[in-house]
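Throughout, numbering of the chain's residues begins at 1 and tracks the sequence.
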Amino acid sequence: MTNKGLYTSFVEAKKRGEKKFVVLIDPDKLSLRNLEKTIEHAVEAKVDYFFIGGSLIVNNMLDQVLQRIKDITPIPQILFPGNAFQLSYRADGLLFLSLISGRNAELLIGKHVISAPYLKMSPLEILPTGYMLIEGGKATTVSYMSNTSPIPAQKDDIALCTALAGEMLGLKLMYLDAGSGAINPVSETMIESVSGAINVPLIVGGGIRTPEKAYANVKAGADVVVVGNAIEKDPKLILELADAVHSMNTVLKK
Ligand code: 1GP
């Protein structure tokens, strides 16, 4: 459980108003050929972090994917685990997720108790994260697997109070997620409400497909934008999405 400076990098960027773009890689969904292309575009686009994870991970690609990325680029790799088995010392950090939008005790604290001793010995930087599932227009794997209901899409006030409570409990990052492949991504009004209420960095993902939406999210207050699905379909999109998020940084410098 070492300090690799990942959390500091999120906080320092937030202080400077600098926005970060993350490529989410689900080792289940990606072919090795697509992985190479994805890494190539990510390096070119100056992507800030990789999140690596999926709800299931039924193949044995996790270590291979982590190693392959490491061989090519120093862009930090953060595990975004769908369950307690998705751990690897090859990554740099781990989002230690507490599913605070749900009421499943196992995903609020139960699984964490089981994995804590292992993580304590690991070289991973642990990033305590309040994970909030927001209704995104279709049933998601996370919702089904976690046996929890998402926060209704229009209930900005519930999202705000949940994030506030998560921050008061000491969680260091907040993640608003409409779920992978969501039809409706998290709304800008919800992002604005939540980001205005908390001090910790805010991550937003789920169903983001266009540079316009990525830009609208950072403008509304997201500190970090995550895209997975759209990039799996078209790795070239990484460049436009990263540019859209990072263009906010140029605006701020002026
Ligand atoms: C899902 O936030 C991520 O957990 C990314 O979602 O795959 O829809 O981009 P997409």
Student: Do you know the tightest heavy-atom contact between Val186 and Asn217?
Tutor: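 Here Val186 and Asn217 meet closest at O-OD1, 4.2 Å.
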Student: How far apart are the C-alpha atoms of Val225 and Ile208, what are their side-chain angles, what is the distance that settles it, and do they pass the side chain to side chain contact (heavy atoms under 4.5 Å, CB included) test?
Tutor: CA-CA 9 Å; Val225 169; Ile208 299 166; 3.8 Å; yes
Student: Check whether Leu62 and Ile72 end up in the same hydrophobic cluster, where Ile, Leu, Val, Met, Phe, Trp and Tyr are linked by side-chain heavy atoms less than 4.5 Å apart.
Tutor: yes
Student: Can you check side chain to side chain contact (heavy atoms under 4.5 Å, CB included) on Thr73 and Ile69, steps first, answer last?
Tutor: CA-CA 6 Å; Thr73 170; Ile69 297 175; 3.8 Å; yes
Student: Does any part of the side chain of Lys14, heavy atoms only, come nearer than 4.5 Å to the side chain of Val224, both counted from C-beta?
Tutor: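 They are not in contact (no side-chain heavy atoms under 4.5 Å apart), so the answer is no.
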Student: Which pair of non-hydrogen atoms, one from Asn104 and one from Ser146, has the smallest distance, and what is that distance?
Tutor: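 So the minimum-distance heavy-atom pair works out to ND2-O, 2.8 Å.
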Student: Give a yes or no on whether Leu164 and Ile134 share a hydrophobic cluster (residues Ile, Leu, Val, Met, Phe, Trp, Tyr; joining criterion: side-chain heavy atoms under 4.5 Å apart).
Tutor: no
Student: What's the separation between atom CG in Leu124 and atom NZ in Lys4, rounded to the nearest 0.5 Å?
Tutor: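 Leu124 CG to Lys4 NZ: 6.5 Å, rounded to 0.5 Å.
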Student: Output yes when Glu12 and Lys15 qualify as a salt bridge under the 4.0 Å nitrogen-oxygen rule, no when they do not.
Tutor: yes
Student: Between the side chains of Thr189 and Asp156, is a donor N or O closer than 3.5 angstrom to an acceptor N or O?
Tutor: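 Per modelled atom types, Thr189 and Asp156 side chains form a pair under 3.5 Å.
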Student: Other residues, nucleotides and ligands only: do more than 12 of their heavy atoms fall within 6.0 Å of CG on Asn147?
Tutor: no
Student: Would you check if there is a donor-acceptor pair between the side chains of Asp71 and Gln67 at a distance under 3.5 Å?
Tutor: yes
Student: Give the intermediate values and the outcome of side chain to side chain contact (heavy atoms under 4.5 Å, CB included) for residues Ile25 and Leu35.
Tutor: CA-CA 8 Å; Ile25 292 182; Leu35 176 66; 3.9 Å; yes
Student: Before we go on, tell me: are the rings of Tyr131 and Phe80 under 6.0 Å apart, centre to centre?
Tutor: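 Under 6.0 Å, so yes.
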Student: Cation over ring, Lys20 on Phe10, under 6.0 Å and within 45°?
Tutor: no
Student: Tell me whether Leu160 shares a hydrophobic cluster with Ile191, the cluster being built from Ile, Leu, Val, Met, Phe, Trp, Tyr side chains joined at under 4.5 Å.
Tutor: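 In one cluster: no.
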Student: Are Thr210 and Tyr215 linked by a side-chain donor-acceptor pair shorter than 3.5 Å?
Tutor: no
Student: Does the pair Lys219/Glu188 count as a salt bridge with the N-to-O cut at 4.0 Å?
Tutor: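 Not counted as a salt bridge, because no side-chain N and carboxylate O are separated by less than 4.0 Å.
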Student: For a 4.5 angstrom cut-off between non-hydrogen side-chain atoms, does Pro81 reach Leu97?
Tutor: yes
Student: Same cluster for Leu239 and Leu24 if Ile/Leu/Val/Met/Phe/Trp/Tyr side chains link at under 4.5 Å?
Tutor: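 Not linked; separate clusters.
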Student: Ile238 versus Val23: any side-chain heavy-atom pair under 4.5 Å?
Tutor: yes
Student: Taking Thr148's backbone N and O only, do any of them form a donor-acceptor pair with Ser143's side chain (distance below 3.5 Å, no angle check)?
Tutor: yes
Student: Taking all atoms of both residues into account, what is the closest heavy-atom pair of Ile183 and Lys138, and its distance?
Tutor: CD1-CB, 3.9 Å
Student: Check Lys70, Arg90, Arg68 against Asp63 for a salt bridge (Lys or Arg N to Asp or Glu O under 4.0 Å) and give me the one that passes.
Tutor: Arg90
Student: Considering non-hydrogen atoms only, spot the tightest contact between Pro211 and Leu241 and give its length.
Tutor: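 So the two residues come closest at N-CD2, 3.7 Å.
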Student: Does Ser247 use its side chain to pair, donor to acceptor, with the backbone of Val245 at less than 3.5 Å?
Tutor: no
Student: Could you tell me the separation between the CD1 atom of Ile158 and the CE atom of Met132, rounded to the nearest 0.5 Å?
Tutor: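 Reported to 0.5 Å precision, the distance equals 9.5 Å.
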Student: Does NZ belonging to Lys46 count more than 12 external heavy atoms closer than 6.0 Å?
Tutor: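 It does not: Lys46 NZ has 12 such atoms or fewer within range.
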Student: Can you tell me which residue among Ile78, Leu87, Ile52 is in a side chain to side chain contact (heavy atoms under 4.5 Å, CB included) with Leu94?
Tutor: Leu87
Student: Which pair of heavy atoms, one from Gly102 and one from Leu108, lies closest together, and at what distance?
Tutor: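 Reported closest heavy-atom pair: O-CD1, 3.9 Å.
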Student: Calculate, to the nearest 0.5 Å, the distance between atoms OG and CD belonging to Ser101 and Glu135 respectively.
Tutor: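 Reported to 0.5 Å precision, the distance equals 12.0 Å.
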Student: Which distance, rounded to the nearest 0.5 Å, do you find between the OG1 of Thr162 and the CG of Leu133?
Tutor: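 Between Thr162 OG1 and Leu133 CG, I get 11.5 Å after rounding to 0.5 Å.
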Student: Does the ring center of Phe21 lie less than 6.0 Å from the ring center of His246?
Tutor: no
Student: Taking Lys172 first and then Glu167, would you say they form a salt bridge - that is, a charged N and a carboxylate O separated by under 4.0 Å?
Tutor: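 Judged by the 4.0 Å cut-off on N to carboxylate O distance, Lys172 and Glu167 do not form a salt bridge.
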Student: Is there a donor-acceptor contact under 3.5 Å from the side chain of Asp92 to the main chain of Gln77?
Tutor: yes
Student: Are any non-hydrogen side-chain atoms of Leu171 and Ile100 less than 4.5 angstrom apart?
Tutor: yes
Student: How about Phe96 and His112: do any of their side-chain heavy atoms sit closer than 4.5 Å?
Tutor: yes
Student: Flag the pair Tyr118 / Tyr89 as yes when their ring centroid distance falls below 6.0 Å, and as no otherwise.
Tutor: yes
Student: Out of curiosity, Glu125 CD to Leu119 CG, how far, rounded to the nearest 0.5 Å?
Tutor: 12.5 Å
Student: Give a yes or no on whether the backbone of Ala222 and the side-chain of Lys19 come within a donor-acceptor separation of less than 3.5 Å.
Tutor: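 Yes: the side chain of Lys19 pairs with the backbone of Ala222.
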Student: Which heavy atom of Leu6 sits nearest a heavy atom of Pro76, and at what distance?
Tutor: CD2-CB, 3.6 Å
Student: Are side-chain heavy atoms of Leu173 and Tyr7 found at a separation under 4.5 Å?
Tutor: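 Heavy-atom side-chain distance check passes, below 4.5 Å.
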Student: Treating Ile, Leu, Val, Met, Phe, Trp and Tyr as nodes and any side-chain heavy-atom pair under 4.5 angstrom as an edge, say whether Val22 and Val11 lie in one connected cluster.
Tutor: yes
Student: Compare all side-chain heavy atoms of Ser180 with those of Lys29 and state whether any distance is below 4.5 angstrom.
Tutor: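 Side-chain contact under 4.5 Å: yes.
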Student: Apply the test side chain to side chain contact (heavy atoms under 4.5 Å, CB included) to residues Asp26 and Asn229: give CA-CA distance (whole Å), side-chain angles for both, the deciding distance (0.1 Å), then the verdict.
Tutor: CA-CA 9 Å; Asp26 180 344; Asn229 251 274; over 6 Å; no
Student: Measure the NE2-CD distance between His41 and Glu44 for me, rounded to the nearest 0.5 Å.
Tutor: 7.0 Å
Student: Taking the side chain as every heavy atom from C-beta outward, state whether Thr38 and Ile231 have any atom pair closer than 4.5 Å.
Tutor: yes
